[in-house]
Number of protein chains: 2
Amino acid sequence: MSNTETASSNTLLAITQLRDLIFSGQLGAGTDHLEGELAERLGMSRTPVREALLRLECQGLVEVRRRKGVRITPFTPKDMAEVYDVLTELEGLAAARAAARNLSDDDLAPMVQAIADMEAAVAVCNRDDWAAADDIFHCELVRLGGNDRISMITQIMADQMRRARLVILYIRPAPMHSSKEHRKLVDAIRAGDADLAKQIQRQHRTVAKGLLLQLLERHHLSVL
Amino acid sequence: MSNTETASSNTLLAITQLRDLIFSGQLGAGTDHLEGELAERLGMSRTPVREALLRLECQGLVEVRRRKGVRITPFTPKDMAEVYDVLTELEGLAAARAAARNLSDDDLAPMVQAIADMEAAVAVCNRDDWAAADDIFHCELVRLGGNDRISMITQIMADQMRRARLVILYIRPAPMHSSKEHRKLVDAIRAGDADLAKQIQRQHRTVAKGLLLQLLERHHLSVL
DNA sequence: ACTGGTTCTAATGTATGCGTAAAATTCAAC
DNA sequence: GTTGAATTTTACGCATACATTAGAACCAGT
């Protein structure tokens, strides 16, 4: 997940680097950090770091507190529930809209490919690759839904639970049958059955929510 | 809607002032502005203005473009459709969740009051007051839903369409029967009927979406 | 030792200046 | 007149310095 793109500006660079530090856990959940420290760590002045932090705050990844440095936003089971509830609604609508658009096989190709990648990853028990393909699948789904705001929101939600997801990825049971659901979703979209597509995606997220919350509780992961 | 709170920092002050300038149309949709100009206009240096603009960009109110100044984000009928679709889903869920919570009459009092205010405003044909009460009603609804992310998102959506709403407010038919729907929603929540509450709110937003898009088209308002 | 107020410190909030790169302009060649 | 390169302009990106203030440390009086 390391973001090695060359960012043309220091601010952009700071954003990607801070994101990596947060997602990798090097900046732990709930920990406080000074602008100056972060600036030195990234090898630039406070200004671009500050701007990066402001943007990350809008995305709910950090909290800038007046004269108290920034806190890496903790992620609790309640947050997980909130995120999944939002995803259930918005991805459900996106699925329905995608189905209503009479998409060609070419349009659906990326999703089909993502499913294949997930299955390949499951076959060799590579959970990171599975997660990456899953990301692409959901991203494509909302993109095909055609509502840019939904795409933006789901992207932010995905980022907010990235740390938690990383942990869960390795304590959850292997996602064996999820690709079967994914196929059914693509079929419903291809068939133009909006109601079915919505129902499948809602079900997918609702079940996942229950599973993940159960896992978090069982492992006493009250904050990530 | 003028925000006269004393902001302790210049950045906060810049945010509220820029918002007012945008919502009032003094910074017109699609127009470009230089950081320097805005800073001078607000009587402060570029730094806090820049930070304010970054925050407003996260909320979709402006777009900062490399060395081209900031553009006040235009709002088109497509945007309106997107916003209403998001609101339909998220407020629908919020309504259902609020209904599932066995709320007391005290909890519901703000919504009831808002309905009364809307009716009073309609009675004297004061559309601004009606809009303000309507804002409060929807804000309370999502708050009672208990999902902070939904509250945040709906707030941002409301801001994005604020300009458009202001125009529409005066060309739409008077909202005579909307308070009847609102009452039914509150009743459903009070009765704990989650499905009905969700259905009522979804219907409310769906109908409004159709009405507003029709109005925009009829008046050739393709950008606001 | 405890409490109240004062001083001090340090981190952020803000201003400012300079370097840079993109856009605009000019000018020359065709 | 048009095109394209060189030049100039200019607005932002970023570094830096200073002001402000929240919180810590400290001191004196009880």
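The structure presented is a predicted model; accordingly, all values stated were derived computationally and were not measured. Here is how names work: the chains are called A, B, and so on, in the same order as the sequence lines, proteins then strands, and each is numbered from 1. Only this structure's heavy atoms are used, side chains among them; waters, hydrogens and symmetry mates stay out.
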Between C1' on C:dA22 and CZ on B:Arg65, what's the gap in Å once rounded to a whole number?
13 Å

Residues from residues 45-53 of chain A lying under 4.0 Å of DNA chain C - heavy atoms
A:Arg46, A:Arg50

Nucleotide N/O to protein N/O under 3.5 Å, stretch nucleotides 5-11 of chain D:
none

Please state whether the rings of B:His204 and B:His138 are parallel, tilted or perpendicular, taking 30° and 60° as the class boundaries.
parallel

Could you check whether B:Asp32 pairs with B:Lys68 (Lys NZ or Arg NE/NH1/NH2 to Asp/Glu carboxylate O, under 4.0 Å)?
no

Between P of D:dC12 and CZ of B:Arg66, the distance in whole Å:
12 Å

Taking side chain to side chain contact (heavy atoms under 4.5 Å, CB included) as the criterion, tell me which of B:Leu27, B:Leu18, B:Val49 meets it with B:Arg41.
B:Leu27

Roughly how many Å is it from CG in A:Leu54 to C1' in C:dT14, rounded to a whole number?
14 Å

Are more than 12 heavy atoms from other residues, nucleotides or ligands located less than 6.0 Å from atom CD of B:Glu217?
no

Check the distance between C:dT14's P and B:Leu38's CG and give it to me in whole angstrom.
16 Å

Any side-chain donor near an acceptor of the partner, B:Asp85 and B:Thr88, under 3.5 Å
no

Hey, is CD on B:Glu40 packed in by over 12 heavy atoms from elsewhere, all under 6.0 Å?
no

Any B:Asn10 side-chain nitrogen or oxygen under 4.0 Å from OP1 or OP2 of D:dT20
no

B:Asp159 bridged to B:Arg19 by N-O distance under 4.0 Å
yes

Can you see whether A:Asp148 engages A:Ser151 through a side-chain donor-acceptor pair at a distance of less than 3.5 angstrom?
no

d(CD, B:Glu40; C1', C:dA15) in whole Å:
15 Å

Expressed in angstrom and rounded to an integer, what is the separation of B:Asp32 atom CG from C:dA24 atom P?
11 Å

